[in-house]
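Naming: A, B, ... by sequence-line order, numbering from 1 per chain. Below, all heavy atoms of this structure are taken into account, side chains as well, without hydrogens, waters or symmetry copies.
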Number of protein chains: 2
Amino acid sequence: MGTPLPRDPIADAQRNWERHGWGDVAAPMAAITAIMRTQQILLARIETVLKPFGLTFARYELLALLSFARSGALPMNKASALLQVHPTSVTNAVDRLERAALVSRSPHPTDGRTTLIELTPEGRSLAKKATAALNAEVFGQSGFGPDDVDHLIRVLGTFRRDAGDFAEE
Amino acid sequence: MGTPLPRDPIADAQRNWERHGWGDVAAPMAAITAIMRTQQILLARIETVLKPFGLTFARYELLALLSFARSGALPMNKASALLQVHPTSVTNAVDRLERAALVSRSPHPTDGRTTLIELTPEGRSLAKKATAALNAEVFGQSGFGPDDVDHLIRVLGTFRRDAGDFAEE
DNA sequence: TCCAAACCCTTGGATGTCCTAGTATATTGC
DNA sequence: GCAATATACTAGGACATCCAAGGGTTTGGA
């Protein structure tokens, strides 16, 4: 998006917060802002790697989820819950994946309200290739040291649990 | 988006990665996925707090940035660089803020290419109120302990620097 | 001096996310 | 058994982000 800034804009914001008498929340503000920005950077890296496969992160996540399901199929509402996104977002992703012949919709055998999403052979194959690419080019070069990774998993895991993402573990 | 899951979906994904022979990148994958999800949770909280003010996070960030500028005005490209978003995103935000009479556009005095964004009195007032609300309801109750906050700031700061966000500090 | 290259902003298009209905199917309670 | 409630998916709309392209302004080298 341009050349590097001379100084860290988030550190500047933190100083501004302190200067305006909000010193007690300046640090959490900076941490949260840093999370937002880090997510943006990581998402951009991921999308770059997935682009050659004709995938976006949202669609990749759905493919990956299906590829780990026993039968290679999941109800839409299940996918929505596991991916932690709104049902309409799943509908959107499935629409596009289905058009690309990577998944197919089929009616649930016993519940007429439910639609099953099923991985096609091409979908399974593409998911495998995309995962290999992401592992090699993003997750394998995250830039986080092993200790930092462990710390992030633990701290953010607690945060997510407290936020109601999942029950005690 | 629904009720809590019985188990942490990211921990499950990590186990799946390990089970498929990608144990060496399973942990970074989990950490990165956790960052994505945490960002989503935080963004939702922020948007909830800002909604009564008729603001989104993107627009709030621009208002806050302007409120800390000496003159209360910034060139669009400067705002784009500091907020680390694409110039078209700034155009979009300014369009809406201007329609709400919170900012105004004016030509740059010496550079005919540049447009200055200036905070209106209402914009400055709203920014102040919105900041107070965010400090009280989000940053002041982040759920991260002081040590975790420091650690996040440090680790993510290094990551952002390495990613080219800003030069050495 | 003058034209090409660089820079700035905007428009138009593609995606993703969420919310608010609306339709169809299940389940529950009387 | 039937009506009321709950659940599942989808359609339409509001926003945000990015990219590609276009038109205007500056800058810099021939």
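- Rounded to an integer number of Å, the gap from A/Leu116 CG to D/dA8 C1' is 12 Å.
- Taking a 4.0 Å limit (strictly below) on heavy-atom distances, residues 54-63 of chain B reaches DNA chain D at B/Thr56, B/Ala58, B/Arg59.
- In the hydrophobic clustering of ILVMFWY residues, with side-chain heavy atoms under 4.5 Å counting as a link, B/Val155 and B/Leu152 come out together.
- Nearest heavy-atom pair, A/Leu66 versus A/Ile117, reported as atom, atom and distance to 0.1 Å: CD2-O, 3.6 Å.
- The side chain of A/Ser89 places an N or O atom within less than 4.0 Å of a non-bridging phosphate oxygen (OP1 or OP2) of C/dC18.
- Residues meeting the salt bridge (charged side-chain N to carboxylate O under 4.0 Å, His left out) test with A/Arg160, sequence neighbours left out: B/Asp8.
- Summarising the geometry, the separation between CE on A/Met76 and P on C/dT25 is reported as 17 Å, rounded to the nearest angstrom.
- In this structure, the salt bridge (charged side-chain N to carboxylate O under 4.0 Å, His left out) partners of B/Asp95, at least two apart in sequence or on a different chain, are B/Arg105.
- Going from atom CD of A/Gln40 over to atom P of C/dG16 covers 17 Å, rounded to whole Å.
- Partners of B/Asp165 by salt bridge (charged side-chain N to carboxylate O under 4.0 Å, His left out), not counting sequence neighbours, listed by chain and number: A/Arg37.
- Computed from coordinates, the B/Gln84 CD to D/dC18 C1' distance equals 15 Å when rounded to whole Å.
- The aromatic rings of B/Trp17 and A/Phe68 sit tilted relative to each other, their planes meeting at an angle between 30° and 60°.
- In the region residues 92-115 of chain A, proximity to DNA chain C at under 4.0 angstrom, judged on heavy atoms, holds for A/Asn92, A/Arg96, A/Thr110, A/Asp111, A/Gly112, A/Arg113.
- Taking 4.5 Å as the limit, every side-chain heavy atom of A/Pro87 sits out of range of all side-chain heavy atoms of A/Asn77.
- For the OP1/OP2 pair of D/dT10 and a distance below 4.0 Å, the side-chain nitrogens and oxygens of A/Thr91 include at least one atom meeting the criterion.
- If you take CD1 of B/Ile41 and P of C/dC18, they are 12 Å apart, rounded to a whole angstrom.
- The nearest whole Å value for the distance from the CG atom in B/Leu42 to the C1' atom in C/dT17 is 16 Å.
- Clustering ILVMFWY residues whenever any of their side-chain heavy atoms sit less than 4.5 angstrom apart, transitively, puts A/Val149 in the very cluster that holds B/Ile35.
- Of all heavy-atom pairs between A/Arg45 and A/Val138, the closest is O-CG2, 4.2 Å.
- Using cut-offs of 30° and 60° on the angle between ring planes, the pair A/Phe144 and B/Phe159 is parallel.
- Expressed to the nearest 0.5 Å, how far OG1 of B/Thr131 lies from CG of B/Leu50 amounts to 9.0 Å.
- As rounded to whole Å, 10 Å separates atom P of C/dT17 from atom CE of B/Met36.
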Please produce a list of atom pairs where a protein N or O lies less than 3.5 Å from an N or O of nucleotides 20-23 of chain C.
none

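- When rounded to the nearest whole Å, the span between NZ of B/Lys51 and P of C/dC18 equals 13 Å.
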